[in-house]
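Structure, as structure tokens:
In what follows, every chain begins at residue 1, and chains take the letters A, B, ... in the order their sequences are listed.
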There are 2 protein chains.
Amino acid sequence: MSAIGSLRVVSEARPCDEDGLRALFLRQPGETAEPGAALFFEGDPACHVFHLISGNVRVCRFLPDGHRFIIGFLCAGDLVGLSFRSRYMFGAEAIDRVAFRRMNKRLFEEELQLAPEHRSQMLSHLRDEITASQDHMLLLSQKNAEERVCTFLLDRLDRTGTPGIVSLPMIRSDIADYLGMTIETVSRTLTKLVLKGIILPAEKHHFRVVSRSALARHANEANENDDHKGEAQRLLR
Amino acid sequence: MSAIGSLRVVSEARPCDEDGLRALFLRQPGETAEPGAALFFEGDPACHVFHLISGNVRVCRFLPDGHRFIIGFLCAGDLVGLSFRSRYMFGAEAIDRVAFRRMNKRLFEEELQLAPEHRSQMLSHLRDEITASQDHMLLLSQKNAEERVCTFLLDRLDRTGTPGIVSLPMIRSDIADYLGMTIETVSRTLTKLVLKGIILPAEKHHFRVVSRSALARHANEANENDDHKGEAQRLLR
DNA sequence: CGAGGCGTTGAATCCCATCAAGAAATGTGG
DNA sequence: CCACATTTCTTGATGGGATTCAACGCCTCG
């Protein structure tokens, strides 16, 4: 639980399958995007695949009534653009200063032809996206405000480099549009968790997690390692 | 809008990419499942890929608290099982009498090796699953009861063979668990749509759609062909 | 300093879930 | 075919959790 930078375990152990894919980008020049800038827009011709070097990106779609939905957040090491046909199905915007490499899709596919072992990595990546989507759907359809926020914090906790600290580089409205709630409810729920002693406000955009297990309990997660660990948590309640 | 059996257009025209994949199943023996029977269970080793010949299947996951979530519904022509690693991430249950073929996954992958053109069809299928998941997330996070039901009806309308008729072979609780609401709200919303004159109750498990465009308007869909048609609808409002 | 974006908190409202009851449909056995 | 049990569907009454509307403090930046 304290391993730094460990991958989030979705459902079974998974040694960094996609490292091979990432290696393809090393020849590409590094680029940067300023906060708020778009890497690409929803609806644009999908001609590049992206690899994030540093920084945070939000991935979003819009409804005709102006509502925004955030599909997810990307950070260092993440790939985006593999799951498109001819057009981007969503937009990607820099949250903070972002460094990335991009690769022409045609070129990317040629490389894939040359190195067939990358095929399975590609599939692997797509399967992960599907799994992530389904977990997200589960959250949206079944969880209440507190469970949503706790789930989100757990997720961020595993992505943040410092143990016991969760970093929220995005603003409240990003979180709200990701969790399917309003900024007010997000704010209220965070306050409630602080009052309950589960998290502590730390520096700007950071919280200290006092009790990971309490967080997990309040998140009502499906498989918080449904082995002995899960049992233990149930008994401790 | 009246073309029978036309594929639902997700975002761009797509000639039946996966027909090649489907052809692989023709050598497999036909099987059937009775209503309520499971094709496979969530958590089981994923050793088969399935191709539906006829009937309807619900695809679902369970939460530790007993809640059920329905990821989607399958019908004739659909494939399922492509997006798994070693275990099924969800279960599949027959809604009515179902005919299908199955294929050992290892065999399936060998066939894929032999016919590399199937690779892209495989990717295509996974991308469709991702798109569907994201549309579903959008529904769950942004839409109210009426919009959800209208979206669902539109979706079913395109899957039903008879123009102007939407078939709902599944029961209310299936719909509820798919749309993230209760059976009561589903029922009330359908009643409301009937009172509004948008749909008419037809035979058991069927509704007649009086006005597709009204349905689309109430669904608040993103891309109801965002060309002139969309404009026209806006003007007609 | 003032403007504007961001975050928090309060009060009122509303949509949907919950609880409850009954109607309609389906199935089963005599 | 009917009586009975069970499941499915609908409708009503009520309450609660989240949204909405509003105000205010904090911070950054020009």
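Scanning for side-chain contact (heavy atoms from CB on, under 4.5 Å) contacts around A:A219 gives A:C150, A:T151, A:L154, A:E221, with sequence neighbours left out. With sequence neighbours left out, B:A37 forms a side-chain contact (heavy atoms from CB on, under 4.5 Å) with B:A33. Applying the salt bridge (Lys or Arg N to Asp or Glu O under 4.0 Å) test to A:R102 and every residue at least two apart in sequence or in another chain returns A:E31. Looking at residues two or more places apart in sequence or on another chain, you find a side-chain contact (heavy atoms from CB on, under 4.5 Å) between B:T182 and B:E184, B:T185. Residues forming a side-chain contact (heavy atoms from CB on, under 4.5 Å) with A:P45 (at least two apart in sequence, or on another chain): A:R87.
Using the six-membered ring where Trp is involved, B:F84 and B:F40 have ring planes that are perpendicular, over 60° apart on the 30 and 60° scheme.
Applying the salt bridge (charged side-chain N to carboxylate O under 4.0 Å, His left out) test to pairs two or more places apart or on separate chains, those with a residue in residues 193-211 of chain A are A:E146-A:K196. Pairs of residues two or more places apart, or lying in two chains, that qualify as side-chain hydrogen bond (donor to acceptor under 3.5 Å, both in side chains) and include a residue from residues 165-175 of chain A are A:R58-A:D174, A:R68-A:D174. Applying the ring pair (Phe, Tyr, Trp, His ring centres under 6.0 Å) definition to pairs two or more places apart or across chains, none involves residues 194-219 of chain A. Listed by first then second residue, pairs satisfying ring pair (Phe, Tyr, Trp, His ring centres under 6.0 Å) with a partner in residues 161-195 of chain A read A:F73-A:Y178, A:H136-A:Y178, A:F152-A:Y178, not counting sequence neighbours.
Interface limits on DNA chain D: the 5'-most and 3'-most nucleotides within less than 4.0 Å of chain B heavy atoms are D:dT8 to D:dA13.
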Per-nucleotide protein contact string for nucleotides 6-17 of chain C (B base, S sugar-phosphate only, - none; heavy atom under 4.0 Å): SSBBBB----SS
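Each end of the helix from C:dC1-D:dG30 to C:dG30-D:dC1 gets its own axis from five base pairs, and the two axes differ in direction by 40°, given to 10 degrees.
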